[in-house]
Each structure stands twice: as structure tokens, then as C-alpha cells.
Amino acid sequence: MKIITAALFSTLIGTAAAESCPDSLPGRVELDGAGLALSYGILETEQAFCGKLESNTEAWVGFGVQPEGVNQMIGAHAIIALPLADTVQQYTLNSKSNSGIALTESQSLTGNVVAQEGGVTVAIFKQPLSGNGLALTSQNVYLLAKGRSNDLGYHARRGFVTLDFESNIISSSTTTTEAPGTPMTDAPMTDVIGTLDFQSNIISSSTTSTEAPDTSMTDGTPMATSSAEASSISTTSATEEASTATNFPTAAPPVSTPAPSSASLQKIGSMVFGGSLLLIAVLTI
């Protein structure tokens with residue numbers, strides 16, 4: 001069979017991924033020498049059948065189920081992909097002619113798309129395992145077919161196949177899910193639990209720090225000072241201090257008076273006593 005190109009594969013996968021069917025399906029059957037294959041898998045989470053038809057020619061392709069378990073097209077329920085109409089829909093095959101192919105009133109397919117590129121036709125679909133009075137199981141007979149062109153008509157090749165539903169389960173790990181966010185760091189995150197001791201961790205007044213003077217401008221930009229500016233500021237500051245010292249002299253510290261000695265006290269006492277006797281004598285006269 002021809003190889004599916006990257007552009008065609010991207011188109012098909014984009015639609016299938018949105019409907020939870022994985023890119024790669026576990027089961028696969030082929031019609032010998034027909035250039036037609038079916039990849040399939042059972043999606044247990046949604047109880048659905050995921051299918052992908054691949055043909056090595058540009059033509060309509062079909063997949064059908066015969067609930068009676070016989071190798072017969074009439075009475076089968078089919079899924080037909082028409083590339084020109086860009087449709088993948090369900091039909092009932094009432095006869096071998098086009099007039100006997102009836103579109104099913106209630107369509108239950110999801111994620112269905114058909115695309116062609118480089119001579120290859122691919123159709124993707126997802127169908128519930130039960131619905132419209134039909135149950136898909138391994139006991140049914142299934143058929144594959146492809147046309148001679150994109151116009152629906154008599155098939156170029158067709159054949160009957162059996163499918164194994166039990167061995168081709170799609171695990172939840174292979175379904176399309178949203179990628180997790182990238183962590184900010186590569187190191188694993190660890191929860192740390194601790195307690196706070198308020199009694200032993202008191203901040204004393206002697207250990208508190210004084211707020212540093214603001215050295216930034218009003219716009220938040222730190223003020224840069226060159227060596228020349230620093231020298232000028234230092235000289236100006238020294239001059240201002242000298243001028244302040246000249247205009248406002250510092251008061252002299254007070255001189256302490258020594259305490260009188262004992263001899264001085266005796267001398268003063270004698271003088272006071274003598275003066276008192278002289279004053280009494282004058283008053284007596």
C-alpha cells in the first residue's frame with residue numbers, strides 16, 4: 001500500500017484526537033491483494049468502535065457489519081466515506097444497486113473525516129458499540145469495500161473479515177489527552193511542615209535596626225555619585241563646619257571651685273569671733 005503523507009496524517013489525527021480515538025489502533029485486517037485495510041480498536045471508556053479505512057487508490061471506501069453472521073452484503077449496516085461529498089455516514093444496504101443504499105435516519109458517528117492525497121484515501125470514524133438496533137461484537141461478520149472512483153457505484157474490490165474485539169482494547173494511556181503543564185523547576189516539590197515558637201524568639205530593642213536613610217531619587221533610581229562629586233561634597237561639608245564653628249563659638253565648660261581646707265575654716269571662725277567681741281564692746285560703751 002502507498003504511504004500516507006505527513007500533511008494527510010496531520011489532518012486526520014487532528015479530528016480523531018478531539019474525539020478520544022488514539023493515533024495508533026491495535027487491530028488491523030487487510031483484503032489480500034486489494035490495497036484496502038481497516039485499523040480498529042475498542043474504546044472501553046466510551047464503549048465505542050474506532051476505525052480507520054485506508055485505500056491505495058482515490059475512491060470511495062466502505063465498512064459494513066452483517067448482524068446475521070453470514071457472508072452477504074444485503075441486509076448489512078455500512079459506513080461509507082465519499083471523498084467528493086466530504087462525508088462519512090451510516091447506510092443500510094437493501095440491495096446491490098445504488099437505489100437500495102439507504103442513508104440511516106439517526107447518525108451516531110463522531111470524529112468522522114475522509115481525506116485524499118497522493119493517490120491515497122483515508123477515512124476515520126468512531127461508532128458506538130450499540131445503537132440503532134445494532135450491536136457490534138466479535139460474532140458479527142464484517143465486510144470491506146472500495147470503489148472504482150470517488151463516485152459511489154459498483155465496488156472494485158470487496159471482501160469479508162472477522163474482528164477480534166477482546167484482544168484489541170484501547171487502553172486509557174493511549175487515548176488523546178491534554179498535555180500537563182511544565183513545572184517551573186525540574187526539582188520535585190516537597191511539602192514542609194513546621195511550628196513557630198513565639199516565646200523563645202522575642203526581638204529585643206537592642207537588636208532592632210534603624211531604618212537606613214533614603215539614598216534613592218523620587219523615581220526610585222539610586223543616586224550615583226562620582227569620585228569628583230564626592231570630593232567636592234566633602235570639601236564643602238568641611239568648610240560649612242568651620243564656618244559654623246566661627247560664627248557660633250562653643251561655650252567654655254564651667255570651672256569647678258575646690259572645697260575650703262580646715263585651716264581656712266579655723267581662720268574664718270576666729271575672725272568672726274573677734275569681730276563679735278569688738279561689736280559687744282562698742283555697744284557697751
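Distance check, rounded to the nearest 0.5 Å: CG of L36 to CD of E30 gives 9.0 Å. Distance check, rounded to the nearest 0.5 Å: CG of D86 to CG of N112 gives 9.5 Å. Distance CZ/R28 to NZ/K52: 7.5 Å, rounded to 0.5 Å. The line from NE2 of H77 to CD of Q127 is 10.0 Å long, rounded to the nearest 0.5 Å. Within the model, atoms CZ of F165 and CD of E44 stand 12.0 Å from one another, a figure rounded to the nearest 0.5 Å. Residue L25 holds its CG atom at 10.0 Å from CD1 of I42, rounded to the nearest 0.5 Å.
For D32, the CG atom counts as loosely surrounded, since its 6.0 Å shell holds 12 or fewer non-hydrogen atoms of other residues, nucleotides or ligands.
Counting only distance, with no hydrogens or angles, the side chain of R157 and the backbone of G33 share a donor-acceptor pair below 3.5 Å. In this structure, the side chain of K146 engages the main chain of A34 through a donor-acceptor pair within 3.5 Å. With hydrogens and angles ignored, the 3.5 Å screen pairs a side-chain donor or acceptor of Q107 with a backbone N or O of Q90. Remark: side-chain polar atoms of N140 are not paired, donor with acceptor, to backbone N or O of V65 under 3.5 angstrom. Distance alone, capped at 3.5 Å, places no donor-acceptor pair between the Q66 side chain and the V141 backbone.
Among all heavy-atom pairs drawn from N132 and S108, the shortest one is ND2-OG, 4.1 Å. A pairwise comparison of heavy atoms in Q72 and L143 identifies O-CD2, 4.3 Å as the closest pair. The two residues K126 and C21 have their closest heavy-atom pair at CD-SG, 3.6 Å. Taking all atoms of both residues into account, the shortest heavy-atom contact from L53 to G62 is CD1-C, 3.8 Å. The minimum heavy-atom distance linking P83 with W60 is given by the pair CD-CA, 4.0 Å. The two residues N150 and L82 come nearest to each other via the heavy atoms O-CD2, 4.5 Å.
Cluster annotation: V114 is connected to F125 through the hydrophobic network of ILVMFWY side chains, with a link wherever side-chain heavy atoms come within less than 4.5 Å. Using a 4.5 Å cut-off between side-chain heavy atoms of Ile, Leu, Val, Met, Phe, Trp and Tyr, with links allowed through other members, L93 and I79 fall into different hydrophobic clusters. When the side chains of ILVMFWY residues are joined at heavy-atom separations under 4.5 Å, either directly or via intervening members, L134 and I101 end up in two distinct hydrophobic clusters. F160 and Y142 are members of different hydrophobic clusters when ILVMFWY side chains are connected at heavy-atom separations under 4.5 Å. By the criterion of side-chain heavy atoms lying less than 4.5 angstrom apart, applied directly or through intervening Ile, Leu, Val, Met, Phe, Trp or Tyr residues, Y91 is not grouped with V88; the two fall into different hydrophobic clusters.
For the pairing with F49, the side chain to side chain contact (heavy atoms under 4.5 Å, CB included) check across L43, N168, L163 returns one residue only, L163.
Using modelled atom types and a 3.5 Å distance limit, the side chains of S130 and Q47 yield no donor-acceptor pair. Side-chain polar atoms of T121 and E58 form no donor-acceptor pair below 3.5 angstrom.
At a threshold of 4.5 Å between non-hydrogen side-chain atoms, the residues T104 and Q89 do not count as touching. Here the side chains of I169 and P26 are not in contact, with every heavy-atom distance at 4.5 Å or above. Side-chain contact check for V161 versus L38: every heavy-atom pair is 4.5 Å or farther apart.
Ring centroid separation for the pair Y40 and F63 does not come in under the 6.0 Å cut-off.
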